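Worth saying up front: this structure is predicted, and the values here are computed from it rather than measured. Just so you know, these numbers use all the heavy atoms, side chains as well, and skip hydrogens, waters and symmetry mates. In what follows, chains carry the letters A, B, and so on, assigned in the order in which the sequence lines appear, proteins first and then strands, with residues in each chain numbered from 1.
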Amino acid sequence: MTTEPREHAAYDFAYVQEKWLPIWDKLEPFKSGRADDARPKKYVLDMFPYPSGDLHMGHAEAYALGDVIARYWIQRGFNVMHPIGWDAFGLPAENAAIKRNEDPRIWTYENIATQKASMRRYACSFDWDRVFNTCDPEYYKWNQWLFIELHKRGLAYRKDSAVNWCPGCQTVLANEQVVAGLCERCDTAVTKKKLNQWYFKITDYADRLLDDMAQLEGQWPDKVLTMQRNWIGRSQGANVVFEIEGRTEPVTIYTTRPDTLYGATFMVVAADSPLAAELAAGGSVEKEFTEYLEKIKAASDIDRLATDRPKSGVDLKRFAINPVNGEKLPIWASDYVLADYGTGAIMAVPAHDQRDLDFARAMKLPVRTVVETGEEDPASSGVATHGDGVMINSGSLNGLKKVEAIAAITKELEAKGLGKSSRNYRLRDWLVSRQRYWGTPIPIVHCDKCGEVAVPADQLPLTLPDAKGLDLKPKGQSPLAAATDWVNTQCPTCNGPALRDTDTMDTFVDSSWYFLRYPSSTNHDEPFSRKDVDTWLPVDQYVGGVTHAILHLLYSRFFTKVLHDIGMLGFNEPFTRLLNQGMVVMDGSAMSKSRGNLVRLSDELENHGVDAIRLSMVFAGPPEDDVDWSDVSPSGSVKFLTRAWRLSGDVTSAPGVDFTKGDLSLRKATHKALHDASFAVESFRFNVAVARVMELVNATRKAIDSGCGPADPAVREATEAIAIMLSLVAPFTAEEMWERLGHKPAVALAGWPTIDPALLVADEVEAVVQINGKIKERILVSPTITDAELEAQALAHPTIAQELAGATPKKVIARAPKLVNIVL
RNA sequence: GCCCUCGUAGCCCAAUGGCAGAGGCAGAGGACUUAAAAUCCUCCAAGUGUGGGUUCGACCCCCACCGAGGGCACCA
């Protein structure tokens with residue numbers, strides 16, 4: 001736009017936006033420093049977007065918050081890297097491609113261009129030199145390289161397993177794509193299907209993923225740490241060996257309560273485990289068992305997850321021998337025991353485990369209490385007791401407490417070779433295969449002679465075949481399988497005919513290490529250089545939605561640890577500090593087209609301007625809270641920005657004027673605002689920082705209109721401070737103010753004003769005098785007064801003396817210079 | 001069922017255990033104006049979900065309950 005400035009009495013945000021964007025393009029204020037930069041580094045990272053269309057309100061909030069942090073540290077003199085890229089592989093592009101019958105690349109790169117242009121207009125302080133997209137062969141080449149590194153170390157492997165299967169979409173689903181038992185996209189009930197798939201062995205890192213969280217304590221939201229702990233779900237217990245009648249091999253069970261071993265009255269094996277099938281085979285129960293197995297396999301996740309589901313199972317008519325007392329325990333098969341947790345078999349102690357008790361009552365099995373807790377007998381109450389108590393009916397354990405009994409029995413079992421202390425995890429290995437087109441091809445060749453062979457590094461990237469001619473519709477097999485020219489290849493080892501793996505990688509692989517690539521985004525020889533990561537990593541501040549609290553963050557932590565072990569990284573946690581912003585909602589619920597409460601970002605920007613929208617997002621409340629757009633007032637933000645902008649036109653002193661000659665009370669307000677705003681930003685209370693700027697704007701307005709007047713140096717000092725503070729939130733307004741104040745762009749690089757500590761202390765402060773906690777008097781005292789002096793002044797005060805009426809205080813608490821409390 | 005977070009003016013939100021109010025929205029009145037808009041000034045409001053406890057002193061710490069939101073969910 002080349003319109004001349006209108007005669008605008010009011011601040012014209014549209015004009016100001018068009019005016020500064022090309023100037024900033026030329027200045028490139030946010031290029032992070034290169035090798036010779038002496039400033040201390042800060043790596044501020046926003047979670048990269050998925051290019052699903054243009055930016056929406058959620059992006060507007062996230063990037064506004066990340067920008068405040070990045071711009072703050074730049075002003076504070078740090079060499080800030082604030083990069084952006086696109087998480088560009090994934091199903092929405094594939095679905096759009098199917099619908100439009102074109103290559104997913106077209107939709108993806110168009111959307112990236114759209115989002116990039118919107119980010120520029122939104123004045124994000126990104127370093128545009130470091131951009132990459134995960135669907136660029138130059139990027140996914142390194143996914144493949146990393147896959148092979150994991151494969152070399154046994155951390156990438158294939159296995160048969162029952163995976164989530166959506167009959168509607170004809171594809172496997174990740175756990176996170178199954179919402180309440182339904183496919184998140186088509187709402188079809190998800191079933192299980194046995195498939196041979198690739199996994200990453202994240203379970204090898206379970207303990208470190210848990211224990212290293214100690215480093216993150218206080219730096220990450222507690223909520224996220226708790227969620228990760230629960231997700232990993234480490235439990236401490238013991239494996240116990242039970243002999244089985246008529247079977248050579250004993251069966252090992254896992255329990256967290258070995259102390260209750262004498263209370264076991266039956267054993268349960270997972271119905272879908274090989275063990276259950278073997279124990280049922282050939283016996284009178286085989287038919288009944290097979291029917292049961294068919295029934296539970298047909299059950300959807302919906303049924304399986306129902307909380308009040310009655311227990312079911314089959315008596316296998318076989319017996320296990322309790323190692324501590326030789327008792328014969330009937331063995332049952334049931335679906336309440338999971339085949340892939342622990343050993344897939346449990347000892348059932350109905351008195352002290354609710355599930356076992358429910359099962360025992362349903363099947364009329366005996367209940368034996370072995371911990372006397374003082375509560376009602378579980379056999380009659382139907383409520384299992386979990387608490388501590390005294391062991392009974394337990395041979396050598398009788399009389400012991402829970403902890404003592406666990407130690408004693410574990411030791412006893414270990415001595416006899418019948419058991420040992422053991423740990424289990426809820427965390428499962430990460431299923432990375434996807435039967436989809438738009439992802440990173442798995443760089444493995446299957447050869448009849450040589451088995452699975454990694455594609456040699458010099459043949460990477462293994463690029464996706466052209467989408468033209470491929471049917472991308474989901475049909476249970478990867479679309480890549482149909483690209484016969486691509487699939488048929490030579491074995492890299494024996495040069496014989498071989499087939500490529502046709503699956504692609506989960507897109508979470510792409511995002512698990514992208515933050516390592518930004519410092520080396522143009523490196524063609526390695527995924528990242530050790531020198532670059534040593535310079536920039538770990539990420540000092542990560543900003544993103546809480547929706548990624550578990551998966552993305554857990555996977556990234558896992559990758560970081562693996563790369564640390566390989567020797568490519570010198571640290572083991574990728575993100576030092578984490579901020580989770582809330583969502584933008586409307587009238588209390590998430591925005592959606594179907595709900596009819598969608599607010600379009602482009603409309604809001606059109607109506608109120610970029611700065612007002614950014615300000616509204618930041619000022620709406622604490623960043624981790626949801627922003628309800630019906631509660632915020634963008635027009636109020638416009639009003640405030642206009643008010644601030646007007647100050648810059650009122651200042652009449654010249655740039656460079658000596659501030660120390662300025663009005664003292666306004667100077668104090670300025671320095672206090674700078675001090676408080678710094679503190680607020682550093683503790684993520686951006687809304688409070690904005691409130692401090694508003695106060696200073698009000699104080700400056702008053703000083704101009706009815707105080708020291710526009711020519712006072714303090715008015716310039718205050719207005720310049722306002723421009724600099726506003727540059728974090730409202731860059732256009734701030735830049736315009738900065739120019740009107742007689743400075744050259746860019747205000748983003750002006751530097752945070754130095755705070756004079758002498759101006760932060762008041763000459764006199766008001767101290768409160770309380771009697772028995774009730775305020776009786778306020779007195780003006782020096783801020784440096786001692787406790788004793790304050791106490792003396794308080795007691796000598798006429799009002800207080802009168803109140804006391806000669807009574808001797810029991811106690812006097814003085815907290816100089818704020819208050820005195822006299823206790824009678 | 002288990003775990004986590006949060007309840008402060010009409011609304012959004014502030015308050016290192018020390019005067020409950022910083023800021024904003026909405027509302028009322030006034031100045032300016034022929035009038036309106038814009039702008040400026042002034043005013044308005046809760047005793048902190050409920051009940052206990054610790055403390056000289058509690059919005060803040062502890063316990064119980066009520067309410068809202070979120071996470072996990074047959075993990076032995």
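Not a single ring-ring contact (aromatic ring centres under 6.0 Å, His included) links Phe242(A) to another residue, sequence neighbours left out. Among residues two or more places apart in sequence or in another chain, the side-chain hydrogen bond (donor to acceptor under 3.5 Å, both in side chains) test is passed with Ser637(A) by Ser616(A). Partners of Asp705(A) by salt bridge (Lys or Arg N to Asp or Glu O under 4.0 Å), not counting sequence neighbours, listed by chain and number: Arg701(A). Residues meeting the salt bridge (Lys or Arg N to Asp or Glu O under 4.0 Å) test with Asp628(A), sequence neighbours left out: none. Gln354(A) pairs by the side-chain hydrogen bond (donor to acceptor under 3.5 Å, both in side chains) definition with Asp358(A), not counting sequence neighbours. Residues passing the side chain to side chain contact (heavy atoms under 4.5 Å, CB included) test with Gln228(A) are Met213(A), Trp220(A), Val224(A), Leu553(A), Leu554(A), Arg557(A), sequence neighbours excluded. Under the salt bridge (Lys or Arg N to Asp or Glu O under 4.0 Å) criterion, Lys668(A) pairs with Asp763(A), sequence neighbours left out. Residues that satisfy the salt bridge (Lys or Arg N to Asp or Glu O under 4.0 Å) test with Arg423(A), not counting sequence neighbours, are Asp207(A).
Counting any heavy atom pair closer than 4.0 Å across all strands shown, Asp340(A) reaches no nucleic acid atom.
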Could you write out each protein N or O paired with an N or O of nucleotides 58-61 of chain B at a distance under 3.5 Å?
none

Check nucleotides 43-45 of chain B against the protein and report each pair of N or O atoms closer than 3.5 Å, with its distance, or say if there are none.
none

Could you write out each protein N or O paired with an N or O of nucleotides 7-14 of chain B at a distance under 3.5 Å?
residue	atom	partner	partner atom	Å
C12(B)	O2'	Ala620(A)	O	2.9
C13(B)	O3'	Asn687(A)	ND2	3.4

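Evaluation of the salt bridge (charged side-chain N to carboxylate O under 4.0 Å, His left out) test over residues 782-792 of chain A, restricted to residues two or more places apart or in two chains, returns none.
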